[in-house]
Amino acid sequence: MSPFKNLINARPNDQFFDLPSLPMTPEGIARSFQHYYAYTLGRDRDCHSAYYPYKALAISLRDRLMERWKCTRQAYDNAGCKRAYYLSLEFLMGRTLSNAMLNLGITDAATQGLYDLGIALEEIAGNEPDAGLGNGGLGRLAACFLDACATLQLPVRGYGLHYEYGMFRQVIENGNQIEEPDHWVRDGNPWELERPEFTQRIQFGGWTETHKDATGRELVSWVGTNDVLAVPYDIPIPGYHNNTINTLRLWKAAATDEFDLGEFNSGSYPESVARKNEAEHITMVLYPNDASENGKELRLRQQFFLASASLKDVLRDWIRLNGRDFSQFAARNCFQLNDTHPAVSVAELMRQLMDEHGLEWGEAWSITSQTMAYTNHTLLPEALERWPVRLFERLLPRILQIIYEINARFLDEVSTRWPGDNDRIRRMSLIEEGHEPQVRMAYLAIVGSFSVNGVAGLHSQLLIEGLFRDFYELWPKKFNNKTNGVTPRRWLAMCNPDLRELINETIGTDWVRDLDQLERLAPYAEDAAFRARWDAIKQANKRRLAETVEQACRVTFPVDALFNVQVKRIHEYKRQLLNVLHVVHLYNRIKRGDTKDWTPRCVLIGGKAAPGYLMAKQIIKLVNNVARVINGDPETEGLLRVAFIPDYCVSLMEIIAPGTDLSEQISTAGKEASGTGNMKFMMNGAITIGTLDGANIEIRERVGEENFFLFGLTAAGVESRREHYDPNGIIAADSALLEVMSLLESGHFNRHEPGIFDQIILSIRNAHDPWMTAADFRSYIDTQALVDEAYRDRERWLRMSILNTAYSGYFSSDRTISEYNRDIWHLESVLPRPL
Ligand SMILES: *Cc1c(COP(=O)(O)O)cnc(C)c1O
């Protein structure tokens, strides 16, 4: 009898749903692998593509996630627990396969099972494309947070967008960045599960109509809209060794099947169909801008699309489990807004509660302002999102009405507190007046949230002293700090397997879930035999990195040299330029024969520039030109190598961080909100050269000043220097800097490309240079000289390296998420029933 017979009339019985657990043994995994390769993918010995073995293994693992995923969902439903939602326009997930194996605890079994079939697992894993649905730190933070939430067994769901094209692939041609589209889902994504049954309908455009119900209450309808469907794709987020699988739900835009009948009948059938296609453009591409404003209509559409679909999804789930009584909603739900990108959620939740679920303003506001929490990620003014009121009016007319009402009530509160202070009212208004009035999204987020946090101690402090000072005076208790963290699963246990094994052998295995335990490594810094093993692992990781650089850049890095790395988005405030000035200074020293007690260095720089950010692109070109001249000069042989590594991404960082000796974190103080690259390097035993900025400050506090190379002005120092900043005076008075500038200005690095670096050079000499590169030059190169000296003392360097890893425990995203939970979310861990 067909097992599906029951389905014809009713739900199948429980036995139908009660599947046996899949084996986690080498044989079991190998069996699944063979099955999918041959039967599902239909490949055989004639297939030589490396992609299909990856795919067969991915599906084998996905099967093993499914059951645990279901159990986690059911455990959350049954517990009736409070839940949190992480709303983010970006999730920079990278690869999934190796991480899923590590967290499921089946890396060894899978390796063995495939080995028995004659296949090397690492080769397979390398064929997975990165899920690059983010620009940089902000998106990667979201990914690390999801891993921590699942590991801590917290009922947290991620909500994001299913972009068809993620972050562009960066190719370097003649030293210039070329952007190539990243069609990452073209071959299908085995990690996602389409859930059309949870599709939502999202409104755009149209107008509003007001009418009264039977009781005389005013109701507003948003009508005449052009609707777009939001179809969810679920991605499993496994916790570490705990059977919890949380969910990242990504929305993809799809056209409704309705046609404009008028247009349809008037013979414009192709136009009518084509316009439906426009709907799907909403989630076509990730905006490739990191920390810069983007005033494009499509971007606002993306933001509203995410907010509306996610909130509808949560409300539908609430009604499924609790009915239409919203009295407990605020006590049981929390939305964390990752920067202002999803801030329109504040107004959209109000709209849904009032217009779709019949709540009064007061009830709706009480719920909204008790469930929204906002994380700020930047102090750069150009990154503060503002949208023209006119755009809102056209695209989201009902949302604009609600924003106006929120603003009116909010400004009443301000004027009650500070009567007659009209200047303050103008400053704090959600609407910036002027020629083209704008909606200030950060202010909407602050007014609508019960918590506002920065992402490192200094950053949170600067927020309440500067940007958000007025709001801090009104609501001091809203503001708090949550110093960022990174997941030690991906960023140590997975990417540095040899070090993982050494640590396991030395202090046991609990550190993966409780990273503070790494402190127990500290005494081993004094153990010469341990240092020798640490050294051997670092050397092996450097060899692996050197091979990657050789392949990608055709530059040879000798592994006994100091590996000096700066990888991150290219931005003026991050000061890749300062790094280049130091490289040119080293080159000058070589050329003048000043090479006594030389420490050989390999300088690696990588990162993407926003396609419209011309200065950033010129910096990439400069790095490449400087590298070409230096590497091509026989006098630098054995002393200095420079390379720009193309297409910096998560999976590249997994090779770079373990192979780095010196981590460059050299932003202008007060500009880098936190940084998380700094934490990945520290965990892997790199030593930081850095300014007192972002989380560098906390890194130095933890590891001790003797194990950190500090230089440069403080944030306060930068601000007080501004008025009388005189870069030309500084250059004239410092022979090393003068020599560097002279060489740059002579055109030595652009012999056949006259003038191409003029703008960069002028920016250093500009008295209004916001990044004050010249101000920190002397301190930077003097500190680099101390680095050289420290590196030559091998045992000293190894001690410092061990201590950096040992004191990196604080920078686990588990600690960060525990703080979010303790102070903001107040969730309880929920354990799924054992399998
Ligand atoms: C960690 C990470 C970042 C963030 O680096 P910062 O140095 O903190 O700016 C950006 N991109 C990728 C791929 C990363 O892994």
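Residue numbers count from 1 along this sequence. Bear in mind that the values here come from a model prediction, so they are computed numbers and not experimental data. Counting convention: from 1, in listed order, for ligands and their atoms alike.
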How far is [atom] from the closest protein heavy atom, and which atom is that?
{"atom": "atom 2 (C) of ligand 1", "answer": "K680 NZ, 2.4 Å"}
{"atom": "atom 11 (N) of ligand 1", "answer": "Y648 CE2, 3.4 Å"}
{"atom": "atom 7 (O) of ligand 1", "answer": "K568 NZ, 2.7 Å"}
{"atom": "atom 5 (O) of ligand 1", "answer": "G677 N, 3.7 Å"}

Using a strict cut-off of 4.0 Å, indicate which atoms of ligand 1 neighbour a heavy atom of [X].
{"X": "T676", "value": "1 (C), 4 (C), 8 (O)"}
{"X": "G137", "value": "3 (C), 4 (C), 10 (C)"}
{"X": "G136", "value": "10 (C), 11 (N)"}
{"X": "G675", "value": "8 (O)"}
{"X": "C649", "value": "13 (C)"}

Sub-4.0 Å heavy-atom contact, M679 with ligand 1: no

Close approach of R569 to ligand 1, heavy atoms, under 4.0 angstrom: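 No, that is not the case, since the closest heavy atom of the residue is not under 4.0 Å from the ligand.
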
For [X] and [Y], take the angle between the two ring planes, folded into 0 to 90°, and tell me which bin it lands in: parallel under 30, tilted 30 to 60, perpendicular over 60.
{"X": "Y573", "Y": "W771", "answer": "tilted"}
{"X": "F468", "Y": "F479", "answer": "tilted"}
{"X": "Y791", "Y": "W797", "answer": "perpendicular"}

N or O pair under 3.5 Å between E672 and ligand 1: no

K574 N/O to ligand 1 N/O under 3.5 Å: yes

Short side-chain donor-acceptor distance under 3.5 Å, E173 and N176: no

Flag side-chain contact, heavy atom, 4.5 Å: I605 against V583: no

Heavy-atom side-chain proximity of T783 to L710 below 4.5 angstrom: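 Counting from C-beta outward, T783 and L710 never come under 4.5 Å.
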
Pairs meeting criterion ring-ring contact (aromatic ring centres under 6.0 Å, His included) with involvement of residues 121-145, two or more places apart: Y86-F145, F145-Y820

Proximity of H582 and F777 rings by center, below 6.0 Å: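 No: the rings miss the under 6.0 Å criterion.
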
Member of E672, K568, Q566 meeting the side-chain hydrogen bond (donor to acceptor under 3.5 Å, both in side chains) criterion with Q665: K568

